[in-house]
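As the structure is a prediction and not an experimental result, all values here were calculated from the model.
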Amino acid sequence: MSGLLPPEFADLEPFASTWCLATEPERWERRMASSMPELVSFYDAAFPRLDAAIEHCDRHPLDGLPADVERLLRLVHSLVLVSMAVEIFGQVKTVDSADAVVHRVKEPLP
Amino acid sequence: MPPWPKPPEGSWTEHYPELGTGPISFDDCVSLEFYELEREAIFKRAWLNVGRVEDLPRTGSYFTKEIAIAGASVILVRGGDGEIRAFHNVCRHRGNKLVWAENPREESAGVCRQFTCKYHGWRYDLEGRLTFVQQEGEFFDLDTEVRGLVPVHCDTWSGFIFVNLEREPRQGLREFLGPMIGGLEGYPFDQMTERYDFVADNNSNWKLFADAFQEYYHVPALHPQQVPIAVRNPEGGFTCAYFACDGPHRVVSTAGARRWTLPPESMYPIERVTRSGLVGPWETPDVGELPAGVNPGGVEPWGISNFQIFPNLEILTYAGWYILYRYWPTSPGTHHFETTLGFHPARTVRERVEHEVASVVFKEFALQDAGMLGGTQAALETGAVDEFPIGDQEVLVRHFHKVVADWVAAYRREALEVVS
């Protein structure tokens, strides 16, 4: 069975079906629905691969990423969002954000 | 960090003697009566930014803007002659809302050749002329020439589209913006077309939210996580390099160190790998020389200037990207918040990730402001305290509330003159 990600990133396949999400609203919702151990496990596996993942994507033009490479970029975007919880706040939700919400309604894709 | 010099008067606040130094009231953020006055005195009189020219890329591009406090819905459209025009979003026949998509109370956008009313099919061209009336012969003395869409005053500056809801605006847009804001002209907003737009409905008065973005005094307390715990100094304050007021508008500039010269422990791992973070991408494409007015205090090393354009627009200019906020009042204790982050379009995945990091970090810290300000609103509404000391680092808060009060006072004076 072929994976969702480029073969060089087969080690991240366990996270691909959860975190290859196209838009920030989807990624935000997934972060809020996750437990801290789930976020940490994704972060611990993916963060050491971040620089290599960006390098790999950049072998292609931004507007012409093959499907598996575009999924890798989506995984990178998710890692960025998850790093806020893991590195900065030590909890899933932004500290002291109370009941506030801020919706991203326009963004470049991918 | 050097101690930034204050003006010869000894403080930024005393440099503007009309501001005074005494405690101020925030009753203007809880009073329903004052809110009703702001509606007339400010939002039906001031130039209001509703979008960017890039939002209307070609003939027939349009969007609608709901301005709740002014009770207005406005259509912005680019005509066949390339001009951007604004009209009240009201059909001249029976007053139906002319342009809407799924829900008449929601804003919409698109491209069209003409506007057709959903009710009886009357049509208007992109310049607002009434061009078709179903069964025109059934009407009495109908002069289609004078039944075009009602225009709203509209002008653009640096690619920002402004409207003015007054029948005859007291000032043109450029005169209203004045020399300090005018000094931003030439900043390459038109090159920073990769946009991340955010909206939020917040439980605070529009001015309270603006206040949080026109001082940095709150940053160490509310946003301690902006620096990693290893280098966090709980006693450390923050001093801005420069403040200025010009008419109803304000600016604050802060210094900024070149990020890659900082020791690694002063940044989070995600920032080090992506070379982006709280203050945006560490390096951005060359966009040419910036206008001198972007750093009016000549701060060196310059980091950011944060311009507050009266009444409800704020533009934060960095060397290679910008942030824009708009605060739209919806009641004394609520407002609708709009944000845009604009970057030079990413040429590579690495640049796209840089922009993603900046946009994600922005949202985290905006959520802290948004979460806390609901508490500020609730506490002010108790009325338990009625005067508040304002420090020199908060001089722009003092100026903002004074300008709002001045505009309301001017409106009341004129209203009395009309009555007497």
Side-chain angles (χ1 to χ4, degrees), chain A residues 23-25 27-28 31-32 43-44 46-65 69-70 72-110, chain B residues 55 193-204 222-229 267-278 337-341 343 345-375:
Chain A
T23 67
E24 191 269 354
R27 297 189 287 270
W28 183 267
R31 170 177 151 191
M32 291 302 134
Y43 177 88
D44 285 349
F47 185 78
R49 305 281 277 137
L50 173 59
D51 203 45
I54 295 172
E55 291 282 328
H56 185 91
C57 293
D58 263 338
R59 293 177 197 166
H60 306 272
L62 180 56
D63 59 359
L65 300 178
V69 177
E70 184 167 336
L72 182 61
L73 175 55
R74 292 175 178 182
L75 199 73
V76 166
H77 289 334
S78 286
L79 176 62
V80 169
L81 190 66
V82 168
S83 74
M84 300 292 116
V86 175
E87 293 183 6
I88 300 183
F89 295 111
Q91 62 179 50
V92 175
K93 188 167 168 271
T94 311
V95 169
D96 287 339
S97 59
D99 57 352
V101 287
V102 172
H103 302 286
R104 194 193 281 192
V105 292
K106 180 176 177 175
E107 60 187 335
L109 298 175
Chain B
D55 297 327
T193 54
E194 182 181 305
R195 282 182 27 188
Y196 298 69
D197 291 353
F198 299 83
V199 298
D201 285 295
N202 187 260
N203 292 322
S204 65
L222 181 62
H223 309 300
Q225 306 88 353
Q226 286 189 354
V227 291
I229 197 152
M267 269 167 295
Y268 288 102
I270 191 73
E271 296 180 286
R272 290 200 297 268
V273 173
T274 61
R275 298 175 67 80
S276 182
L278 181 65
F337 176 60
E338 296 176 335
T339 294
T340 287
L341 276 62
F343 301 92
R347 298 162 300 187
T348 61
V349 163
R350 190 167 288 281
E351 288 185 352
R352 170 69 178 89
V353 173
E354 290 172 2
H355 302 170
E356 183 68 22
V357 171
S359 302
V360 161
V361 173
F362 157 77
K363 173 166 164 172
E364 300 293 331
F365 292 109
L367 278 167
Q368 294 190 324
D369 294 293
M372 182 204 60
L373 283 160

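Most heavy-atom pairs under 4.5 Å with chain A, from the set B:Thr348, B:Ile270, B:Val360, B:Val361: that is B:Ile270. Taking B:Thr339, B:Val353, B:Val349, B:Leu373 one by one and counting their heavy-atom pairs under 4.5 Å with chain A, the maximum is reached by B:Val349. Across B:Gln226, B:Arg195, B:Arg352, B:Arg347, the residue that shares the most heavy-atom pairs under 4.5 angstrom with chain A is B:Arg352. Your options are A:Leu73, A:Val86, A:Thr94, A:Leu65, and the one with the most heavy-atom pairs under 4.5 Å with chain B is A:Thr94. Among A:Pro110, A:Ser97, A:Pro108, the residue making the largest number of heavy-atom pairs under 4.5 Å with chain B is A:Pro108. In terms of heavy-atom pairs under 4.5 angstrom with chain B, the leader among A:Asp99, A:Val105, A:Ile88 is A:Ile88. Between chain B and the residues A:Asp58, A:Asp63, A:Asp96, the most heavy-atom pairs under 4.5 angstrom are made by A:Asp58.
Checked for salt-bridge contact, B:Glu364 and A:Arg31 meet the test: a charged N lies under 4.0 Å from a carboxylate O.
For B:Phe337, no part sits under 4.5 Å from any heavy atom of chain A, backbone or side chain. Only the side chain of B:Asn203 comes within contact range of chain A, judged by heavy atoms closer than 4.5 Å. For chain A, the nearby parts of B:Gln368 are the backbone and the side chain; heavy atoms of each come within less than 4.5 Å. Contacts of A:Glu55 with chain B are made by both backbone and side-chain atoms, with heavy-atom separations under 4.5 Å. Only the backbone of A:Val101 comes within less than 4.5 Å of a heavy atom of chain B; no side-chain atom from C-beta onward does.
Within a 6.0 Å radius of CD1 in B:Ile229, other residues, nucleotides and ligands contribute 12 heavy atoms or fewer.
For B:Phe198 and B:Phe362, the ring centers sit closer than 6.0 Å to each other.
Within the 3.5 Å criterion, the main-chain N or O of B:Arg275 finds no donor-acceptor partner in the side chain of B:Glu354. For B:Gln225 (side chain) and A:Phe89 (main-chain N/O), no donor-acceptor pair under 3.5 Å exists by modelled atom type. Under the 3.5 Å distance criterion, the side-chain polar atoms of A:Lys93 are matched with a main-chain donor or acceptor of A:Ala98.
Within the model, atoms CG of B:Asp197 and OG of B:Ser359 stand 10.0 Å from one another, a figure rounded to the nearest 0.5 Å. Atoms CZ and CD, from B:Phe343 and B:Glu351 in turn, are 11.0 Å apart once rounded to the nearest 0.5 Å.
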